[in-house]
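Accompanying notes for the structure given below.
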Amino acid sequence: MRDDGVEMHDEENGVRRHEPAFNLPGSLVFVLGLLTLIHAVRTYVLSVPADESVLLRFAFIPARYAVPLADQDLSWLWSPITYSLLHGSWEHLLFNGFWMVAFGAPVVRRIGVVRFFLFWCLSAVAAVAFHTALHWGEMILVVGASGVVSGLMGAAARFVFSPSGRISRQFAHLNRRLSIPEALSNRSVLVFSGIWFLTNFLVGVGQVFGSVGGGAIAWEAHIGGFLFGFLFFPIFDRLDGEGRRD
């Protein structure tokens with residue numbers, strides 16, 4: 001990844017130092033590496049039958065919840081989370097990775113490692129819960145971190161925009177958290193959210209981005225993840241509404 005860098009003044013020593021402008025939190029690098037490793041193993045190591053077995057056990061399938069849980073294995077228990085670690089193609093993974101870098105970095109810097117992984121799990125569950133509500137009992141395989149990425153976008157919308165609407169690339173994670181009324185009256189948040197929802201609406205009616213890696217896009221999961229991140233971010237936030245540490 002390209003590092004443009006920023007020159008910063010070291011007042012104590014009277015010299016300039018080169019500060020990386022694209023410095024990702026270690027936990028985010030770990031997640032990106034894990035997603036890449038999993039997809040590489042599925043693509044280049046596992047046989048087709050073995051990969052199909054992985055998908056059946058770890059992808060999310062709404063139909064699982066339309067039959068008695070006692071009549072099936074425990075995949076219903078972990079698949080609402082593990083599906084977010086699987087991807088349909090390299091293009092799918094790269095697309096999610098790009099947006100994860102853009103919106104995941106400020107969220108991780110703000111909430112810390114433990115809360116980030118908890119956020120990942122709960123936003124993944126929220127995303128497919130919304131999807132399942134609209135596709136109850138259907139035999140659809142859902143994979144990908146898009147729901148989680150959407151959750152990170154929703155969470156970021158609560159604090160990355162300053163009251164003036166600008167984004168500080170380096171210090172956005174230190175901004176005061178906007179209340180829901182403040183966020184809904186912030187022009188930048190409204191434009192960002194409006195474009196995001198419009199894009200997903202067009203995806204839903206098949207006008208843009210009809211598929212990723214040959215599979216249909218679970219846009220409903222995107223909506224569920226975004227709403228979860230936007231509404232419940234304060235639960236994970238380490239700073240209060242005034243930007244002070246809790």
Side-chain angles (χ1 to χ4, degrees), residues 25 27-28 30-32 34-35 38-39 42 54-88 92-93 95-97 99-100 103-108 110-158 180 193 196-197 200 203-204 212 215-238:
S27 55
L28 196 58
F30 170 79
V31 168
L32 291 170
L34 177 62
L35 296 179
I38 290 173
H39 193 68
R42 289 182 52 223
V54 168
L55 289 174
L56 288 174
R57 289 183 62 82
F58 296 101
F60 183 83
I61 305 174
R64 283 197 177 103
Y65 305 91
V67 298
L69 300 182
D71 296 340
Q72 53 181 304
D73 62 24
L74 293 178
S75 296
W76 65 269
L77 183 61
W78 57 67
S79 61
I81 296 175
T82 56
Y83 81 93
S84 65
L85 304 177
L86 308 173
H87 286 83
H92 189 196
L93 175 57
F95 185 83
N96 281 337
W99 292 111
M100 195 182 303
F103 291 94
V107 174
V108 173
R110 187 172 178 109
I111 68 178
V113 176
V114 174
R115 298 187 192 200
F116 168 60
F117 286 117
L118 180 60
F119 181 93
W120 182 290
C121 294
L122 294 181
S123 59
V125 172
V128 287
F130 193 85
H131 182 274
T132 301
L134 300 178
H135 295 279
W136 180 254
E138 295 185 22
M139 188 62 187
I140 304 173
L141 269 70
V142 180
V143 297
S146 302
V148 175
V149 171
S150 297
L152 293 170
M153 290 180 171
R158 294 291 297 272
I180 291 179
S193 301
W196 189 91
F197 275 99
N200 278 274
V203 166
V212 175
I217 297 176
W219 61 274
E220 303 92 337
H222 300 180
I223 302 294
F226 188 94
L227 291 176
F228 175 84
F230 185 81
L231 296 174
F232 295 101
F233 174 69
I235 297 176
F236 304 90
D237 197 3
R238 294 193 296 185

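Each residue takes its place number in the sequence, starting with 1.
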Going from CZ on Phe30 to CZ on Phe117, what distance comes out if it is rounded to the nearest 0.5 angstrom?
6.0 Å
Which residue pairs pass the salt bridge (Lys or Arg N to Asp or Glu O under 4.0 Å) test with at least one member in residues 122-148, sequence neighbours excluded?
none
Can you list, pair by pair, the side-chain donor-acceptor contacts under 3.5 Å of residues 122-133, counting residues two or more places apart and other chains?
residue : atom : partner : partner atom : Å
Ser123  : OG   : Phe119  : O            : 2.7
Ser123  : OG   : Trp120  : O            : 3.1
Thr132  : OG1  : Val128  : O            : 2.7

Give me the atom names and distance for the closest heavy-atom approach of Gly144 to His92.
CA-CE1, 3.7 Å
Test of understanding: with side chain to side chain donor-acceptor pair (under 3.5 Å), list the residues that count as partners of Gln72, not counting sequence neighbours.
none
Pairing residues for Thr82 by the side-chain contact (heavy atoms from CB on, under 4.5 Å) criterion, not counting sequence neighbours
Phe58, Trp78, Ser79
Using the test ring pair (Phe, Tyr, Trp, His ring centres under 6.0 Å), find all partners of Tyr83 that sit at least two apart in sequence or belong to another chain.
none
Can you list the steps and then say if Val143 with His87 is a side-chain contact (heavy atoms from CB on, under 4.5 Å)?
CA-CA 6 Å; Val143 297; His87 286 83; 5.7 Å; no
Would you check, one step at a time, whether the test side-chain contact (heavy atoms from CB on, under 4.5 Å) holds for Phe95 with Val149?
CA-CA 10 Å; Phe95 185 83; Val149 171; over 6 Å; no
Find the distance between CD1 (Ile111) and CG (Leu152) and round it off to the nearest 0.5 Å.
7.5 Å
Around Trp99, counting heavy atoms of other residues, nucleotides and ligands shown, do more than 12 lie under 6.0 Å from its CH2?
no
Side chain to side chain donor-acceptor pair (under 3.5 Å) involving His39 - partner list, sequence neighbours excluded
Thr43
Kindly write out the residues that satisfy salt bridge (Lys or Arg N to Asp or Glu O under 4.0 Å) with Asp73, not counting sequence neighbours, or none if the list is empty.
Arg57
Residues in ring pair (Phe, Tyr, Trp, His ring centres under 6.0 Å) contact with Tyr65, at least two apart in sequence or another chain
Phe60
Checking Phe197 now: which residues fulfil ring pair (Phe, Tyr, Trp, His ring centres under 6.0 Å) with it, not counting sequence neighbours?
Phe226
